[in-house]
*Asks:* 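Next up is a structure, given as structure tokens.
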Amino acid sequence: MKKPGLIVAASVLALAACGSGEENESAGTEQASKDIKLGATAGPYSDMLSQAIVPSLEEKGYTVDIVEFSDYIQPNVALDGGDIDANLFQHTIYLENFEKEQGMDLSALITVPTAPMGIYSNQFDSLDAIEDGATIAIPNDPVNGARALLMLEDEGLVELDPEADVLQASERDVVTNTKTLVFQPIEAGQLPRAVDGSDLAAVPGNFALAAEMDLLDALVLENMPDQYRNVVAVTAENEDSDLAKDLVEIVESEEFEAIIDAEFEGFGKPEWMAE
């Protein structure tokens with residue numbers, strides 16, 4: 001079974017900001033300037049922009065500033081308001097929910113490789129070595145908690161109620177627990193520390209990387225469906241712009257994939273990369 005990937009639940013703050021400027025009639029939705037700003041949350045996706053995307057944009061004549069954000073709200077507010085031209089930090093499900101709640105019209109251009117959740121342990125060196133009654137720290141938010149349980153189900157450690165919503169499953173939906181695992185739900189950002197305090201910990205990829213953990217040290221990494229992998233996003237009115245076309249071309253290039261392979265080990269690739 002494929003599992004849902006990284007999603008961060010946040011209380012959305014309403015902030016309206018309107019871009020201004022005259023539209024060149026002949027340009028339509030074309031990018032008016034090659035001086036652009038790209039937004040990302042600090043960490044691996046800001047690094048992905050700077051290492052794998054911006055150099056190719058500069059070769060195409062763009063002057064690029066990367067704007068880093070510390071939350072999962074402002075990157076879309078800034079995009080909708082015209083303060084940045086594109087962002088990279090969220091997956092399609094989060095994007096669609098956010099724009100619906102905030103009355104925005106944003107568009108996912110293309111899916112990129114994404115850091116997966118992993119199950120880490122300093123007590124066991126494999127899933128087979130897990131002892132009965134072991135404790136496992138899992139995210140306490142519904143979506144990330146469900147991801148952890150789905151990983152465990154895929155590895156044969158638990159079975160979930162077939163009637164449960166796979167996007168909202170919790171430990172209450174566990175009907176079979178072969179190792180009698182003891183679940184310890186905690187805030188996702190605290191999970192890297194829980195690797196020392198629990199027998200096992202299911203850590204989302206972004207938090208693992210922020211804690212300087214090696215994704216490849218996980219006992220197992222999830223294989224998320226594409227709708228839970230991160231995307232490059234723009235406003236809907238700019239999805240056919242020159243910038244949008246250039247971004248897609250760059251992400252689809254062999255050069256981009258080569259940088260991912262060299263610098264972003266453990267990131268799960270979207271289905272289109274396997275075609």
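What you see is a predicted model, and the numbers here were worked out from it, not measured in a lab. Values below: every heavy atom of this structure, side chains too, minus hydrogens, waters and symmetry copies. Along the sequence shown, residues carry numbers from 1.
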*Asks:* Let's go through Val67 and Phe69 carefully: what are the C-alpha distance in whole Å and the side-chain angles of both, what is the deciding distance for side-chain contact (heavy atoms from CB on, under 4.5 Å) to 0.1 Å, and is it a yes or a no?
*Replies:* CA-CA 7 Å; Val67 181; Phe69 296 89; 3.7 Å; yes
*Asks:* Just checking, is any N or O donor in the side chain of Tyr62 or Asp246 under 3.5 Å from an acceptor N or O on the other one?
*Replies:* yes
*Asks:* Heavy atoms only: give me the nearest Leu191-Pro204 pair and the separation to one decimal.
*Replies:* CD1-CD, 3.7 Å
*Asks:* Does the Glu159 side chain pair with the main chain of Val175, one donor and one acceptor, at a distance under 3.5 Å?
*Replies:* no
*Asks:* Would you check if the side chain of Thr178 reaches a backbone N or O of Leu157 as a donor-acceptor pair within less than 3.5 Å?
*Replies:*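 Answer holds: yes.
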*Asks:* Would a single hydrophobic cluster contain both Val182 and Leu127, if residues Ile, Leu, Val, Met, Phe, Trp and Tyr are joined by side-chain heavy-atom contacts under 4.5 Å?
*Replies:* no
*Asks:* Could you tell me whether the side chain of Ile36 reaches within less than 4.5 Å of the side chain of Thr63, counting heavy atoms only?
*Replies:*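 SC-SC contact between Thr63 and Ile36 ruled out.
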*Asks:* Is the backbone N or O of Leu160 less than 3.5 Å from a side-chain atom of Glu153, with the two atoms forming a donor-acceptor pair by type?
*Replies:*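 Yes: the side chain of Glu153 pairs with the backbone of Leu160.
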*Asks:* Compare every heavy atom of Ala40 with every heavy atom of Leu49, then report the nearest pair and how far apart it is.
*Replies:* CD1-CB, 3.6 Å
*Asks:* For Leu247 and Ile53: C-alpha separation, side-chain torsions, deciding distance, then whether side-chain contact (heavy atoms from CB on, under 4.5 Å) applies.
*Replies:* CA-CA 8 Å; Leu247 286 167; Ile53 294 178; 3.9 Å; yes
*Asks:* Check step by step if side-chain contact (heavy atoms from CB on, under 4.5 Å) holds for Leu149 and Phe183.
*Replies:* CA-CA 10 Å; Leu149 293 172; Phe183 300 105; 3.7 Å; yes
*Asks:* List the atom of Ala42, the atom of Ser46, and the distance in Å for their closest heavy-atom pair.
*Replies:* CA-CB, 4.3 Å
*Asks:* Mind telling me whether Tyr94 and Phe98 have parallel, tilted or perpendicular rings, with 30° and 60° as the class edges?
*Replies:* tilted
*Asks:* Using a strict threshold of under 4.0 Å (side-chain N to carboxylate O), is an ion pair present between Lys269 and Asp261?
*Replies:* yes
*Asks:* May I ask you to check whether Asn177 and Thr180 show a side-chain donor-acceptor distance below 3.5 Å?
*Replies:* no
*Asks:* At their closest point, which heavy atom of Asp214 faces which heavy atom of Tyr120, and how far apart are they?
*Replies:*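 That would be O-CE2, 3.6 Å.
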*Asks:* Can you find a side-chain donor-acceptor pair between Gln168 and Asp173 that sits under 3.5 Å?
*Replies:* no
*Asks:* Has Asp71 got a side-chain atom pairing as donor or acceptor with Gln74's backbone, closer than 3.5 angstrom?
*Replies:*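 Yes.
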*Asks:* Quick check: are there more than 12 heavy atoms from other residues, nucleotides or ligands sitting under 6.0 Å from NZ of Lys37?
*Replies:* no
*Asks:* Please identify which of these residues, Met117, Glu187, Gln190, meets the side-chain contact (heavy atoms from CB on, under 4.5 Å) condition with Pro139.
*Replies:* Met117
*Asks:* Taking atom types as modelled, find out whether Asn87 and Asn76 have a side-chain donor-acceptor pair closer than 3.5 angstrom.
*Replies:*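 Yes, a side-chain donor-acceptor pair sits under 3.5 Å.
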*Asks:* Does one side chain, of Thr92 or Gln227, offer a donor that lies under 3.5 Å from an acceptor on the other?
*Replies:* no
*Asks:* Nearest heavy-atom pair of Glu171 and Ile138: which atoms, and what distance?
*Replies:* OE1-CD1, 4.1 Å
*Asks:* Is any side-chain heavy atom of Met151 closer than 4.5 Å to a side-chain heavy atom of Val220?
*Replies:* yes
*Asks:* Indicate the atoms forming the closest heavy-atom contact of Trp272 with Glu252, along with that distance.
*Replies:*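 Nearest heavy atoms, Trp272 then Glu252: CH2-CA, 3.7 Å.
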*Asks:* Could you please spell out the steps behind the side-chain hydrogen bond (donor to acceptor under 3.5 Å, both in side chains) verdict for Asp47 and Ser50?
*Replies:* CA-CA 5 Å; Asp47 293 341; Ser50 64; 4.5 Å; no
*Asks:* Are Leu215 and Pro116 close enough that some pair of their side-chain heavy atoms sits under 4.5 Å apart?
*Replies:* yes
*Asks:* Indicate whether the side chain of Thr111 and that of Asp226 have a donor and an acceptor atom separated by less than 3.5 Å.
*Replies:* no
*Asks:* Do Thr41 side-chain atoms and Ser70 backbone N/O form a donor-acceptor pair below 3.5 Å?
*Replies:* no
*Asks:* Just by modelled atom types, is the Lys60 backbone N or O under 3.5 Å from a matching donor or acceptor in the Lys34 side chain?
*Replies:* yes
*Asks:* Taking the side chain as every heavy atom from C-beta outward, state whether Leu216 and Glu265 have any atom pair closer than 4.5 Å.
*Replies:*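 When only atoms from C-beta onward are counted, Glu265 and Leu216 do touch, with a gap below 4.5 Å.
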*Asks:* For the backbone of Gln123 and the side chain of Asp199, can you confirm whether one donor and one acceptor N or O come within less than 3.5 Å of each other?
*Replies:* no
*Asks:* For the side chain of Ser198 and the backbone of Ala201, is there at least one donor-acceptor N/O pair under 3.5 Å apart?
*Replies:* no
*Asks:* Using the rule given for side-chain contact (heavy atoms from CB on, under 4.5 Å), can you reason through Lys179 versus Glu131, listing the C-alpha separation, both sets of side-chain angles and the distance that settles it, and then say yes or no?
*Replies:* CA-CA 7 Å; Lys179 293 287 187 177; Glu131 298 175 356; over 6 Å; no
*Asks:* So Asn230 and Thr114, side-chain hydrogen bond (donor to acceptor under 3.5 Å, both in side chains) or not? Walk me through it.
*Replies:* CA-CA 6 Å; Asn230 283 2; Thr114 303; 4.6 Å; no
